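Remember, it's a predicted structure, so these values are computed and weren't measured experimentally. In each ligand, atom 1 is the first atom listed, and ligand 1 is the first ligand listed.
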Amino acid sequence: MAEGTIINIQKYSVHDGPGIRTTTFFKGCPLNCWWCHNPETHLKRHEIMFFEDRCTGCGRCVKNCSNGAIEIIESKAVVDDEKCTLCGRCSEVCINEGRELVGRDITVNELMKELIKDQMFYEQSNGGVTFSGGEPMLYVEFLSEVLERCKRNGLHTAIETSGYVKWEEFEKVIKNVDLFLYDIKLMNNEKHKKYIGADNQLILDNLAKLCEENSNIIIRMPIIAGINDDFEHVNSVIDYISNLNIIEVNLLPYHKMGMDKYKRVNKIYKLTGTEVPTEEKMNELAKKFKEAGIKVKIGG
Ligand code: SF4
Ligand code: SF4
């Protein structure tokens, strides 16, 4: 049976589709958006997050690492990645929660058991389950089994996706997905390549095909100052989706909440000087969609 690698199962979620939901966050993403607030989901494999501020240099992790991968330098644990096998032993013994193993392999049965637990809340709130990430579609075999089981149990299903996977992958899940939360980040392809690390044609083509298949789609647009908060971008999104059957557009203002996590997974955050968009700016952009007759909401 297929397995998935997840980072978290979030209960009572209210921003990932209608009603009260349980959201499963998968690990691994084919894209690399500069503003991503979940850098611990980028790699598909397990990894260790290091919280330098919590580390007292006690050395418990050093003693318990059978691979000799850790040494204490200037009162902080420093890991040799070449020697580390990601066994997670150091995170188990650290009483200060200085090291955390990110990534958990899960079977379909194990995940279903978690999802079903809150069925009563979904029913009372018209909610359901959402699969997010990272990119859940990277686990399409696993996901299609889970989705099928969800539908058999009468759960409303949503997938939050970047759309950057082969169309054939969508074909495997489409009949069991009640709602797609589909990202459009940049229409300008050169900017898309620069800030996201890939071409946007596949994403736009998949969106059009999902619409042809009569899927329910909410478009999600992160708004980042100086990158995609201009009318040119918004107008080109409006042009593209005007003829598509879209439920609504969600404008998601950039925030800095994931910034500190970059250092913890040994990555560099590139948007340090970027400001959060003002309410006025968000309202201006939302107005454009309203004028075009497209339902729009600020936030998820
Ligand atoms: S990571 Fe934890 S166990 Fe290791 S030295 Fe720091 S505080 Fe001690
Ligand atoms: S994850 Fe395992 S191998 Fe890697 S540093 Fe920690 S104890 Fe050592």
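- Rounded to the nearest 0.5 Å, atoms CZ (Phe180) and CD1 (Ile219) are 11.5 Å apart.
- Residue, atom and distance of the protein heavy atom nearest to atom 2 (Fe) of ligand 2 are Cys87 SG, 2.3 Å.
- In this structure, Lys295 forms no cation-pi arrangement with Phe289, as its terminal cationic atom is not both closer than 6.0 Å to the ring centre and no more than 45° off the ring axis.
- Under 4.0 Å from ligand 2, heavy atoms of Thr85 appear from its side chain as well as its backbone.
- In the hydrophobic clustering, where aliphatic and aromatic side chains (Ile, Leu, Val, Met, Phe, Trp, Tyr) are joined below 4.5 Å either directly or transitively, Leu179 groups with Leu181, Ile218, Ile247.
- The proximity of Leu101 to ligand 2, defined as any non-hydrogen pair under 4.0 Å, does not occur for either the backbone or the side chain.
- Below 4.0 Å from some heavy atom of Asn67 lie the following atoms of ligand 2, by number and element: 3 (S).
- Taking 4.0 Å as the cut-off between side-chain N and carboxylate O, Glu148 and Lys151 do not count as a salt-bridged pair.
- Among the backbone and side-chain atoms of Cys84, an N/O/S atom is found under 2.8 Å from atom 4 (Fe) of ligand 2.
- At a cut-off of 2.8 Å, measuring from atom 6 (Fe) of ligand 1, the protein N, O or S atoms that fall short of it are Cys55 SG, waters left aside.
- With Lys261 contributing its side chain and His37 its backbone, the two residues share a donor-acceptor pair below 3.5 Å.
- Contact atoms of ligand 2 toward Ile70: 5 (S) (distance under 4.0 Å to a heavy atom of the residue).
- For the pair Lys287 and Glu291, the salt-bridge criterion is met [side-chain N within less than 4.0 Å of a carboxylate O].
- Of all the listed residues (Cys65, Ser91, Ser66, Gly88), Gly88 holds the heavy atom that lies closest to atom 1 (S) of ligand 2.
- With Lys27 as the fixed residue, the side chain to side chain donor-acceptor pair (under 3.5 Å) test singles out one of Glu47, Glu135, Glu40: Glu47.
- Scanning all protein heavy atoms for the shortest distance to atom 6 (Fe) of ligand 2 gives Cys90 SG, 2.3 Å.
- Using a 4.0 Å cut-off between charged side-chain N and carboxylate O, Asp118 and Arg21 make no salt bridge.
- Pairing each heavy atom of Asn250 with each of Glu248, the nearest pair is ND2-OE2, 3.0 Å.
- In summary, Glu141 and Lys172 engage in a salt bridge, as defined by a charged side-chain N under 4.0 Å from a carboxylate O.
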